[in-house]
Number of protein chains: 2
Amino acid sequence: MHSFTEENYLKTIYALAIRQEGEVTTNALAEMTATKAASVTDMLRKLADKQLIHYRKYQGVRLTEEGERLALKIIRRHRLWEVFLVEKLGFGWDEVHDMAEELEHIRSDELVERLDQYLGHPQFDPHGDPIPTPAGTMPSTGYQKLSEVAAGEEVCIMGVMEHSPEFLQHLARIGLTLGCSLTLREINAFDKSLLVQIQPESALFVSHDVAKNLLVA
Amino acid sequence: MHSFTEENYLKTIYALAIRQEGEVTTNALAEMTATKAASVTDMLRKLADKQLIHYRKYQGVRLTEEGERLALKIIRRHRLWEVFLVEKLGFGWDEVHDMAEELEHIRSDELVERLDQYLGHPQFDPHGDPIPTPAGTMPSTGYQKLSEVAAGEEVCIMGVMEHSPEFLQHLARIGLTLGCSLTLREINAFDKSLLVQIQPESALFVSHDVAKNLLVA
DNA sequence: ATAAAAATTTAGACTTGCCTAAATTTTTTG
DNA sequence: CAAAAAATTTAGGCAAGTCTAAATTTTTAT
Ligand SMILES: [Mn+2]
Ligand SMILES: [Mn+2]
Ligand SMILES: [Mn+2]
Ligand SMILES: [Mn+2]
């Protein structure tokens, strides 16, 4: 079987690989896992030995098919537990990440599939992220970042790219929630902040930092 | 914080301490944790340093107040997760122990208390074991072992002292379930097996090994 | 095209939890 | 009560995962 640590590395490699095309670097992994580059190198050798990654010294790293299958399995568990915590136990979407980070390592396929059924086979987690299939494929969403939308368009908030409690609580404070539809009125040339309209009466400014972490359709 | 391993040792010390009065021995712990005596000694020194146990070399070990509080906290989590797995996910009582063994280490008091509420504050787990209070006390049940009941008495099955799938599945096979009431007809002098009557029509023999693992009231 | 800078790997060490073998203490027994 | 047996602890080591410091490779800049 695989250790918690190995599972976390696979998940992190997967996340970094989709964020920026190409091979994932040692330093990027060190930053994400809050360890040092030397420790990452040790683990990469181990994962390569287990055929979970393709690894060439100094050249970066890429998941093998088996590695990606495993990464998606962990992500599926994480997101299903997040749905459980929000839908059944009544936690806020800003509170569930750390608990799911532990629950995702509980080793039972039967448990995950029963949980999925109990939750009614949800397609998305509380942050709008798609839940991988039991077979190990990631459903694709056609979402784009709010920061890439053209002025004048009307869109609906479908997900977030950042899961920190700070960001999620900030969204709540300025009145943005999942499912909320809005019209992009203006894009400020100076700081790239956006003027968005939610209600007919009320408009608000959204910073570029926020807009690039909001997924819309 | 405490490691999974430390938490498991505390739980095991608690379990051994109630089974046989007095100090818990190194060998007993080694057997229960499926490790060697030398490893147990290492861990006992560590738990004593953390003031979780009273430990005198060669003399055995006993939980401190803080150690017992912690042990009961882990047991509470274990039993609440077992209720969840059986009541909400539909697992059998013979399938849930190993999963609960992992879930009990998820570090969030808020999670446990919300789970408790979601489950309707259950008093007993699927095996009839009482669930410790949030304050850290173990509710006492007046149950006795079926092997200690006198012939002629009518009793109700309230719990089991053994959680292995083998034992629980055997109970199902011979037709005994939690809550099932029965009359003890005879005690066989040769092998201490018991003749018990469930339905007016049907009686069955129960071995001493089974009877001493059944709790009744 | 080199030299400097940045990224990465290697070397050597630490912690946790476990092991085997040997030493020590306690208990049992003749 | 002394010798043998049993229980326990100590000594020394191993694997996983981490670290710092030093060496090596790759990238960037002059
Ligand atoms: Mn999350
Ligand atoms: Mn999520
Ligand atoms: Mn159990
Ligand atoms: Mn139980």
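Residue numbers start from 1 in every chain, and the chains themselves are labelled A, B, ... in the order their sequence lines are given, proteins ahead of strands.
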Student: Side chains of A:N8 and A:E104: closer than 4.5 Å at any heavy-atom pair?
Tutor: yes

Student: By salt bridge (Lys or Arg N to Asp or Glu O under 4.0 Å), which residues pair with A:E101, not counting sequence neighbours?
Tutor: A:K11

Student: Enumerate donor-acceptor pairs with a distance under 3.5 Å from any side-chain N or O in residues 206-217 of chain B to protein atoms, sequence neighbours excluded.
Tutor:
| residue | atom | partner | partner atom | Å |
| --- | --- | --- | --- | --- |
| B:S207 | OG | B:V210 | N | 3.2 |
| B:D209 | OD1 | B:K212 | NZ | 3.2 |
| B:N213 | ND2 | B:D209 | O | 3.0 |

Student: Name all residues meeting the side-chain hydrogen bond (donor to acceptor under 3.5 Å, both in side chains) criterion together with A:H163; count only those two or more places apart in sequence or in a different chain, and write none if there are none.
Tutor: A:D129

Student: Compare all side-chain heavy atoms of B:I74 with those of B:Y14 and state whether any distance is below 4.5 angstrom.
Tutor: no

Student: Evaluate A:M138 against A:I18 for side chain to side chain contact (heavy atoms under 4.5 Å, CB included), listing each step before the verdict.
Tutor: CA-CA 11 Å; A:M138 178 69 86; A:I18 50 176; 5.9 Å; no

Student: Please list, for nucleotides 22-25 of chain D, all pairs of protein and nucleotide N/O atoms separated by less than 3.5 Å.
Tutor:
| residue | atom | partner | partner atom | Å |
| --- | --- | --- | --- | --- |
| D:dT24 | O2 | A:Y58 | OH | 3.4 |
| D:dT25 | O4' | A:Y58 | OH | 3.4 |

Student: Specify the separation, in whole Å, of atom CZ of B:R45 and atom C1' of D:dT8.
Tutor: 14 Å

Student: Name all residues meeting the side-chain hydrogen bond (donor to acceptor under 3.5 Å, both in side chains) criterion together with B:H170; count only those two or more places apart in sequence or in a different chain, and write none if there are none.
Tutor: none

Student: Using whole Å, what does the distance between atom P of nucleotide D:dA16 and atom CD of A:E7 come to?
Tutor: 16 Å

Student: Do the side chains of B:E66 and B:R69 get close enough for a salt bridge, i.e. N-O under 4.0 angstrom?
Tutor: yes

Student: At 4.0 Å (heavy atoms only), tell me whether A:F4 reaches a base, stays on the sugar-phosphate, or touches nothing.
Tutor: nothing

Student: Could you tell me which residues satisfy side-chain contact (heavy atoms from CB on, under 4.5 Å) with A:D42, sequence neighbours excluded, listed by chain and number?
Tutor: none

Student: Output the rounded distance in Å from CE (A:M43) to P (C:dT9).
Tutor: 14 Å

Student: With a 4.0 Å limit, can you tell me whether B:Y9 has a side-chain N or O closer than that to the phosphate oxygens OP1/OP2 of C:dT16?
Tutor: no

Student: Would you please name every residue forming a side-chain hydrogen bond (donor to acceptor under 3.5 Å, both in side chains) with B:R76, sequence neighbours left out?
Tutor: B:E113, B:D116

Student: Nearest-Å distance, CZ (A:R56) to P (C:dT9)?
Tutor: 11 Å

Student: Which residues pass the salt bridge (Lys or Arg N to Asp or Glu O under 4.0 Å) test with A:D109, not counting sequence neighbours?
Tutor: A:K73, A:R77

Student: Rounded to whole angstroms, how far apart are CG on B:L47 and C1' on C:dT16?
Tutor: 13 Å

Student: Which residues satisfy the side-chain hydrogen bond (donor to acceptor under 3.5 Å, both in side chains) test with B:K88, sequence neighbours excluded?
Tutor: none

Student: Polar pairs (N or O, both sides) under 3.5 Å between protein and nucleotides 2-5 of chain C?
Tutor:
none

Student: Using 30° and 60° as the class limits, which term best fits the ring planes of A:F4 and A:H105: parallel, tilted or perpendicular?
Tutor: parallel

Student: Is it the case that atom CD in B:E110 sees more than 12 heavy atoms from other parts of the structure closer than 6.0 Å?
Tutor: yes

Student: What is the separation between atom CG on A:D42 and atom P on D:dA15, rounded to the nearest whole Å?
Tutor: 14 Å

Student: Could you identify which residues of residues 32-40 of chain B place a heavy atom less than 4.0 Å from some atom of DNA chain C, listed by residue number, or say none?
Tutor: B:T35, B:K36, B:A38, B:S39

Student: Counting only non-hydrogen atoms, which of residues 17-27 of chain B are less than 4.0 Å from DNA chain D?
Tutor: B:T25, B:T26, B:N27

Student: Side-chain N or O of A:Y55 versus OP1/OP2 of C:dT9: is the shortest distance under 4.0 Å?
Tutor: yes

